[in-house]
Every structure is written in structure tokens, then in C-alpha cells.
2 protein chains.
Amino acid sequence: MAHEVEHRSLARYLEEHSLKRTKQRDAILEVFLEATGHITSEEIYKRVQKEHPGIGYTTVYRTMKLLCDAGLANERRFDDSVTRYEIAQEHHDHLVCVRCGKIVEFECRMIESSQEEIAARYGFQVLRHRHELYGHCESCREQRETPPSSEA
Amino acid sequence: MAHEVEHRSLARYLEEHSLKRTKQRDAILEVFLEATGHITSEEIYKRVQKEHPGIGYTTVYRTMKLLCDAGLANERRFDDSVTRYEIAQEHHDHLVCVRCGKIVEFECRMIESSQEEIAARYGFQVLRHRHELYGHCESCREQRETPPSSEA
DNA sequence: ATAGATGCAAATGTTTTGCAGGAAA
DNA sequence: TTTCCTGCAAAACATTTGCATCTAT
């Protein structure tokens, strides 16, 4: 099984904070780590259900919050009012296709430095930022006569 | 009374779409135009109430949607899950103070062109974007011992 | 044994919708 | 007098919380 590092990292976090390791937390972590990226709470819930029916929505929310606190996950909210989680990693921004829901990550030093400059100009100290480009991805542009497949 | 242009523009939109001009719509437009910027639905509702008690929340929401359709307002949603409205204008981005809620608008050609370049790299056609820098504004940095005044 | 976790149901907060009555054209 | 609006109450959503019960430690 892959993800040993993350499993150990969660175990350590739980221990350090005198929290308990439960089958629910393991199951949710497993599903989260196996997702390709930007998974919603609902999707996590549904996937967890398959293997462990009975685990509640509440526990999914609480556990994802825990994974964020432990530094394993990051919360993201794009323009559709649902929270998505991604595996914690270097800072980056997103391209979101408004037709098929595809999400691509990117990183741009040039933009980062422009941000610093702008913040300084207005006297702001930047803690974090959010930068999303919404549009049509390549494949959606190619078949633009087709109606949206699974808006996200 | 200022805002004649906007009032006329709304009237024209209503006419073109066979919609009706009502005292509620006028009142809400008036409050919206008099706000300095980035006003929430709740705030619009409360201000409208002062002059016109009886106007409902529903009408505020519906009218703001109408103003957006008419191109007079733009909807914005920052990290706090409430919708804000700003007077429609040239595209721009935002600096948001996480302590006092202050919002500053900025515009940066350099960033815009970097965005184009990135989108092209991934085959995306950008329709719109969202770019927000969250941090501490100058005055909040100065008195950083003080607890947050009105988190927004 | 005991602190902490779970799952249900109910609450939350924001926005939307159904509908019967009311106002603009 | 017809079409569109309004306001209320209820519904919709996504997420959170209270609480009695259960379970790692």
C-alpha cells in the first residue's frame, strides 16, 4: 500500500495531540489519498460509504478538517460553493474549466513577485492568496457544440 | 440626485426586457449606488429597510441579480461565504484585509499578461478570473496587538 | 476507566423557490 | 386586465453542532 508516509504523518499528529486513531479516520484518509485531486466532501463520503457503510457525513467533514490541521490536506473553494480538498503541497494556483470541471494546477514566479509589489504599494502584508482562471480547456474548446458534460 | 446614468440604464434594460419599474427596484438600486463598494446583501437589505420597511430579503436578492444581468452590478464572493456586490467597472482584482475587512481594488497589466501566457501553455481559453490577496492592511499592521475589530 | 470519537438529528447561514395576493403596463 | 412583482413561508444546500452512545487508549 502506498501513502505510508502520509499514514505515518497522521499517526504522529494524532499522537502528539492525544487524539485517537479510528477505522473511520483511516478509511477517510485512504480515500482522500487515492483521489487524484480536488475531491469534494460529497465524493469522499460516497467513496468511503462503499467500503464502510455507516460512516457519516459529519465524520467526513470532521476528519477532513483534521487532515487540514495536520497539514496533509488543503481546503479549496472554487466558484461553485462546495469545498474541495487537495493533497497539501507547494503553493500553486488553478485553471478551472467551466464546462467539464477539469482543474489544472500552475505556478508562476512572475505573478508571485507582481503580487508582492502590489501589496507593498498598498501597505498590505500578504498572508495568502487565491488566484483562479476560469475558462474552457483544450478538449472542451474542440467540441464546443456539445453541451456541458458534468458542470463542476 | 447623482447616478442618473445608472438609473436611466436600468430603466432602459427594464423596458427592453418588458420588465416593470417598481419602487422596490428603485430603492434597492439607490442604496446600491450610494454604497462605497462591496456591499453585502444583508447590508443592502438593512439600508433599504430604513427608508422602506416592508421590502423583503427576497426582493433584494432578486433585484441584485437583475442589476447584474443589466450590467450595473458585479457579484463577488471572497473567503467568507457571503455575496458582495460592487458597481460594474473595468476588470480588477482585490486585496482583502483579514482583520478589519477592508477591501482595496487593484489592477496589474503584468499579471494579466502572465495569465494569458499560462492559459495558452495549458491550452485554456480564459473567460474570467479571480485573484484575491488576503493579508493585513497598513493600519491593522500598526496596531497588531489589538484584537480584530470586525472580521469580514 | 476515561478522554475522545461517532452518528444521528437538529441547527446554521445564505440564497432560492412556490404561491397567493398586489401593482405596473 | 394581463403580465409581471412582491413578500411570506418553506425549501434548498453545504456545513456545523448538541448529545447520547460507543470505543481507543
Side-chain angles (χ1 to χ4, degrees), chain A residues 7 10-29 31-32 38-46 48-49 51-70 73-85 101 151-152, chain B residues 7 10-32 38-46 48-49 51-70 73-85 151-152:
Chain A
H7 277 280
L10 176 62
R12 185 155 52 79
Y13 182 87
L14 294 175
E15 229 177 293
E16 284 168 356
H17 295 255
S18 356
L19 301 174
K20 290 168 181 171
R21 182 166 183 180
T22 64
K23 57 175 72 61
Q24 287 90 336
R25 287 176 176 173
D26 275 353
I28 292 166
L29 174 60
V31 164
F32 168 62
H38 306 100
I39 191 171
T40 60
S41 317
E42 187 189 8
E43 193 54 38
I44 294 172
Y45 172 73
K46 287 199 287 197
V48 166
Q49 280 287 308
E51 291 294 316
H52 306 265
I55 290 186
Y57 237 119
T58 313
T59 304
V60 171
Y61 278 114
R62 285 194 280 227
T63 302
M64 290 316 297
K65 199 136 285 187
L66 175 69
L67 297 187
C68 290
D69 291 345
N74 281 143
E75 238 184 61
R76 297 275 179 187
R77 209 175 327 242
F78 299 116
D79 270 1
D80 59 354
S81 74
V82 291
T83 301
R84 282 161 209 276
Y85 300 93
E151 190 72 31
Chain B
H7 276 282
L10 176 62
R12 186 156 51 79
Y13 181 88
L14 294 175
E15 230 177 291
E16 283 168 356
H17 295 255
S18 354
L19 301 175
K20 288 167 183 174
R21 181 165 184 181
T22 63
K23 56 175 71 60
Q24 288 90 334
R25 289 177 174 172
D26 275 354
I28 293 167
L29 174 60
E30 195 58 25
V31 163
F32 167 63
H38 306 101
I39 189 171
T40 62
S41 316
E42 187 188 8
E43 193 53 38
I44 293 172
Y45 173 72
K46 287 198 287 198
V48 166
Q49 280 288 307
E51 291 294 315
H52 306 264
I55 290 186
Y57 237 119
T58 314
T59 304
V60 171
Y61 279 113
R62 286 195 280 228
T63 302
M64 291 316 295
K65 199 137 287 191
L66 175 71
L67 296 187
C68 289
D69 291 346
N74 281 143
E75 239 185 59
R76 297 273 178 189
R77 209 176 324 244
F78 298 116
D79 270 359
D80 59 354
S81 75
V82 292
T83 301
R84 281 161 210 277
Y85 300 92
E151 191 72 29

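Residue numbers begin at 1 in each chain, while the letters A, B, ... track the order of the sequences.
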Peer 1: Within the supplied structure, the quantity of interest is the number of heavy atoms (other residues, nucleotides, ligands) at a distance under 6.0 Å from A/Glu75 CD; does it exceed 12?
Peer 2: yes

Peer 1: Side chains of B/Val82 and B/Glu42, heavy atoms from C-beta outward: is any pair under 4.5 Å?
Peer 2: no

Peer 1: On the nucleotide D/dT15, are OP1 or OP2 found under 4.0 Å from the side-chain N or O atoms that A/Tyr61 carries?
Peer 2: yes

Peer 1: Evaluate whether atom CD of B/Glu16 has more than 12 neighbouring non-hydrogen atoms of other residues, nucleotides or ligands under 6.0 angstrom away.
Peer 2: yes

Peer 1: Identify which nucleotide among C/dT15, D/dT6, D/dT16 has an atom closest to any side-chain atom of B/Thr59, counting heavy atoms from C-beta outward.
Peer 2: D/dT6

Peer 1: Starting at OH of B/Tyr45 and ending at P of D/dT6, how long is that distance when rounded to a whole Å?
Peer 2: 14 Å

Peer 1: Without decimals, in angstroms, what is the distance between B/Leu14 CG and D/dC4 P?
Peer 2: 13 Å

Peer 1: Indicate yes or no: at least one non-hydrogen side-chain atom of A/Leu66 is less than 4.5 angstrom from one of A/Leu19.
Peer 2: yes

Peer 1: For a 4.5 angstrom cut-off between non-hydrogen side-chain atoms, does B/Leu29 reach B/Thr63?
Peer 2: no

Peer 1: Please state how far atom CG in B/Asp79 lies from atom P in D/dT15, giving the value in whole angstrom units.
Peer 2: 14 Å

Peer 1: May I ask you to verify if any side-chain N or O of A/Gln24 is less than 4.0 angstrom from the OP1 or OP2 atom of D/dA24?
Peer 2: no

Peer 1: Check every atom of D/dG7, D/dT16, D/dT15 against the side chain of A/Ser41 and return the nucleotide holding the closest atom.
Peer 2: D/dT15

Peer 1: Using atom CG of A/Leu66 as one end and atom C1' of D/dT16 as the other, report the distance to the nearest whole Å.
Peer 2: 16 Å

Peer 1: Could you give the CD-to-P distance, from A/Glu15 to D/dT25, as a whole number of Å?
Peer 2: 9 Å

Peer 1: Between D/dA10 atom C1' and B/Tyr57 atom OH, what is the distance in whole Å?
Peer 2: 17 Å

Peer 1: Strictly under 4.0 angstrom, non-hydrogen atoms only: write out the protein contact profile of nucleotides 18-25 of chain C, one letter per nucleotide from the 5' end, B, S or -.
Peer 2: B----BBS

Peer 1: For A/Ile44 and D/dT15, what is the distance between atoms CD1 and P respectively, to the nearest whole Å?
Peer 2: 10 Å

Peer 1: Please report the closest heavy-atom contact between B/Ile55 and B/Ala27, naming both atoms and the distance.
Peer 2: CD1-CB, 4.2 Å

Peer 1: Between atom CZ in A/Arg25 and atom C1' in D/dC22, what is the gap in whole Å?
Peer 2: 14 Å

Peer 1: With a 4.5 Å cut-off on side-chain heavy atoms, are A/Leu67 and A/Phe32 touching?
Peer 2: yes

Peer 1: Name the residue closer to the 5' end of DNA chain C, choosing between A/His17 and B/Ser81 according to the nucleotide with the nearest heavy atom.
Peer 2: A/His17

